[in-house]
Protein chains: 2
Amino acid sequence: MRVSQRTEYGIRAMIALARDFDDVVSIKELAEREAIPEPFLEQIMADLRRAGLLKSTRGPYGGYRLKSAPDEITVGRVMEILEGTLSPARCASGCARQRGCSTRSVLDRIERSITETLDDIYLKDLIGDTVDE
Amino acid sequence: MRVSQRTEYGIRAMIALARDFDDVVSIKELAEREAIPEPFLEQIMADLRRAGLLKSTRGPYGGYRLKSAPDEITVGRVMEILEGTLSPARCASGCARQRGCSTRSVLDRIERSITETLDDIYLKDLIGDTVDE
DNA sequence: CTTATCCTTACTATTTTAGTCAGGTTTAAA
DNA sequence: TTTAAACCTGACTAAAATAGTAAGGATAAG
């Protein structure tokens, strides 16, 4: 149950933007700072923007910034966007297996626990963790 | 951050054995009950046995049973064994990135949260969830 | 000694991941 | 109004992981 590289990059980028909350930061700058392949980060940032977590400005001196404050964005939300879902379960929505499906109830329960955990960690809480040198 | 089919099967099998704690259950029986491909389940059970969670008996009337009581085995432990690790982080042990690695501290923190959560759910807690029909 | 069961290793098709690439769009500034 | 810096998009690809399958060996009950 591993977090993809993609998600890891996304979380790190979001934390970097949280640290620099007042500035617009370009992908190039971000990619260098966090040692992330630039075109890959570009995709990731686009997803986060489409999901409503980022604002972008185009053109020279453009870049990204957080749309909300670091104490309003959870790691759970970031992961949900980048992983597609946080659900470890299989039969998400239209599953044929209905009542009493053991997979469903058990993994749903595990999922709820993980989700609650991740929804309690805010970007703000993670800013201090890093040194980046 | 999805749980693999393999792990899902393993968890379900463990719960089934927890329900049937006093009996020895064969892979064939388990596979039928839980609708899991038999030879695949065979591999999974072998891993859980090697890790010390199951006892096996060979020959006719043989099969598997839990080595410890359902209130002593956590979902976290089962997942740890089947997923290889529970760590969502990348640079597990011999990573070159040392002090102040942002990846490390942030994902480590997330990992701790998830691990704590999963280590608090026991097989016993999950027995009642199922109907299996 | 036969059969049910565990046990192990090797193989394979499919899917996912982690990118790359090529080009288009917007906008600040010269 | 031209240039260039940035965002934006979709298509492509190599490598790894996943979800099995296959084949046969070891053990023990009857």
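Order of the sequence lines fixes the chain letters, A, B, ..., with proteins taken first and strands second; residue numbering starts at 1 for each chain.
Side-chain atoms of B:Arg65 never come within 3.5 Å of backbone atoms of B:Val25 as a donor-acceptor pair (strictly under, hydrogens ignored). Between the side chain of A:Glu8 and the backbone N or O of A:Val3, no donor-acceptor pair lies under 3.5 Å. Of the possible donor and acceptor atoms, one in the side chain of B:Glu83 sits under 3.5 Å from a partner among the backbone N and O of B:Ser4.
A straight line from CD of A:Gln5 to C1' of C:dG19 spans 10 Å, rounded to a whole angstrom. One interatomic measurement links the two molecules: CG of A:Leu17 to P of D:dC7, which rounds to 11 Å at whole-angstrom precision. Put simply, CD on A:Glu83 is 11 Å from C1' on C:dT17, counting in whole angstrom units. Residue A:Phe40 contributes atom CZ, which lies 17 Å from atom P of D:dA14 at whole-angstrom precision. One atom, CD1 of A:Ile36, and another, C1' of C:dG19, lie 13 Å apart when rounded to the nearest Å. If you take CD of B:Glu8 and C1' of D:dG20, they are 15 Å apart, rounded to a whole angstrom. A:Lys55 places its NZ atom 16 Å from the P atom of C:dT27, with the value rounded to the nearest Å. Rounded to a whole Å, the CD atom of A:Glu29 is 10 Å from the P atom of D:dA6.
Checked for salt-bridge contact, B:Arg112 and B:Glu116 miss the test: no charged N lies under 4.0 Å from a carboxylate O.
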Under 3.5 Å, which donor-acceptor pairs link side chains of residues 57-64 of chain B to any protein atom two or more places apart or in another chain?
none

Enumerate donor-acceptor pairs with a distance under 3.5 Å from any side-chain N or O in residues 40-52 of chain A to protein atoms, sequence neighbours excluded.
{"from": "A:Asp47", "atom 1": "OD1", "to": "A:Arg50", "atom 2": "NH1", "distance (Å)": "2.7"}
{"from": "A:Asp47", "atom 1": "OD2", "to": "A:Arg6", "atom 2": "NH2", "distance (Å)": "2.1"}

ask   = How does protein contact run along nucleotides 4-15 of chain C, one letter per nucleotide 5' to 3', with B for base contact, S for sugar-phosphate only, - for none, heavy atoms under 4.0 Å?
value = BBBBS-B-----
